[in-house]
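Lettering of chains follows the sequences in order, A, B, ..., and the numbering in each one begins at 1.
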Protein chains: 2
Amino acid sequence: MALTIKVNEETFTPRQQAVLTAALDLLVENGDGLTMTAVARRASCSKETLYKWFGDRDGLLTATVQWQAAKVRMPQVDRSGLNAKTLRASIEQFARDLLTVITGEVSITLNRTAVTHAAQEKDSLGMIVLENGPLAIRRRLKPILEAGRDARLLRFTSSEDAYRTFFGLVVRDVQIRLLLGDKALTQSNVADNIEADVKAATDQFFALYGAKATHA
Amino acid sequence: MALTIKVNEETFTPRQQAVLTAALDLLVENGDGLTMTAVARRASCSKETLYKWFGDRDGLLTATVQWQAAKVRMPQVDRSGLNAKTLRASIEQFARDLLTVITGEVSITLNRTAVTHAAQEKDSLGMIVLENGPLAIRRRLKPILEAGRDARLLRFTSSEDAYRTFFGLVVRDVQIRLLLGDKALTQSNVADNIEADVKAATDQFFALYGAKATHA
DNA sequence: TCTCTGGCGTACCGTACGGTACGGTTCGAT
DNA sequence: ATCGAACCGTACCGTACGGTACGCCAGAGA
């Protein structure tokens, strides 16, 4: 396994996926509870098989994160017939997807795992999570933003900056507080406010980047 | 040690502070390298002393995080003679402080440690970091915001929301990317852009909450 | 039916690390 | 000078866990 980062789709047999599911469940249930023995017992397989399939503990961890992160595919947004209304709906949808994903238990677990991993000179998991989380949204949002600009509905010079501002307006301090285990932010609490937050963030984004905004 | 959370100042002897410094250095150098043996060796003290002073590994970790986090005291901002210019300067200063702290190596380490800790049903470190980081800024920024509102320089209904938007505009995706070890964000790279980012964020904040803004 | 392969379960090994014990040393108080 | 407290250094113990070895079984193919 070692240093090879498998960025692209990798097909796992159903049995292997069952193992990965077990591994993720253990991660979610109890952060660092991912011991090889625990995974083997949970998945009713032998440790030897784990090592054969995934190389070592890090390989199993990487495969799990990779596999799960890639599963977080957000719905495509219709880009045809762009007008003020559909653009706003698209952006609102992105905000909703982003918030929903980020506040999910699986996402929190994956991010925590990756952060922990990054604290030990290893950055592969961080890149995977980043790549499949924020960057995935960015890749799909940017064309929309640029289409909006071309249609004179938005105004900005750098779509990168526009995206990052969007991210900030939507996520605010929610993600870091969830990662730090802030009890004041139970997930249900957050979930109940998602719609309002999404609307507020979208309003603010258009206030800053809408065609009629007096852009600073 | 156990469950007691020491929220307030706790005086450590110089010798103890030397130990905590050693512990922090180890954390920064190599995330999880905080073994009791390593700390003892680095600080030239005996493990027995560590256990006597801090109870157990978690106590040492907590004391270290607590002590360091409390050291991140940002300069007070002058609140007298509030006008458009001084308000803007204050807010810009908050943005600068926030970005500077968050992108610092110590802060990244403390946050990573706390996140890792939170991944194991323990949330005390998370609360400590939260309390001394974002919340500390919030406590000091809110009065300024409210003073600005009273002076008709700002417009908002909830100072809490205003603060969180400020946080989002300033931090954006920088913190999570640093925590995840994104190589594309070397710290020098970030540091060089702090001034521009601070200015942009402040502009955006005033665009949204300034008295003349058409607030959504 | 024989055999071979893949995989389960378990036992096992080595190591790293949390935590404890203890002898020796320094230093201040009496 | 003596005593005792604090503390250093080191050796030690127990356990948890990563990783390996091996015996066994089931099922596919000849």
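- In plain terms, the two heavy atoms of B/Leu60 and B/Met36 that are nearest each other are CD2-SD, 3.9 Å.
- Atom-to-atom, CD of B/Gln16 to C1' of D/dC7 comes out at 12 Å; the value is rounded to the nearest Å.
- For the 3.5 Å distance criterion, the side chains of A/Tyr209 and A/Thr165 qualify, holding a donor opposite an acceptor.
- Comparing B/Lys47 and B/Arg15, the nucleotide of DNA chain D nearest to each residue sits closer to the 5' end for B/Arg15.
- Within 4.0 Å (heavy atoms only), A/Arg41 reaches no atom of the nucleic acid at all.
- Listed here is the closest heavy atom pair of A/Leu34 and A/Ala23: CD1-O, 3.4 Å.
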Could you tabulate the donor-acceptor pairs under 3.5 Å formed by side-chain atoms of residues 38-51 of chain B, not counting sequence neighbours?
from, atom 1, to, atom 2, distance (Å)
B/Arg42, NH1, B/Glu29, OE2, 3.1
B/Arg42, NH2, B/Glu29, OE1, 2.9
B/Arg42, NH2, B/Glu29, OE2, 3.2
B/Ser46, OG, B/Thr49, N, 3.2
B/Ser46, OG, B/Thr49, OG1, 2.9

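- Between chain A and DNA chain C, the heavy-atom contact criterion of under 4.0 Å yields a 5' to 3' nucleotide range of C/dG7 to C/dG9.
- Here B/Trp53 reaches the OP1 or OP2 of D/dC7: one of its side-chain N or O atoms lies under 4.0 Å away.
- Along DNA chain D, the nucleotide nearest to A/Glu48 and the one nearest to B/Ala43 differ in position, and the one closer to the 5' end is contacted by B/Ala43.
- The two residues B/Thr100 and B/Thr103 have their closest heavy-atom pair at O-OG1, 3.3 Å.
- Along DNA chain C, the nucleotide closest to A/Ala40 and the one closest to B/Leu34 are compared, and the more 5′ of them pairs with A/Ala40.
- Under the side chain to side chain contact (heavy atoms under 4.5 Å, CB included) criterion, B/Ala114 pairs with A/Leu180, B/Leu125, B/Val129, not counting sequence neighbours.
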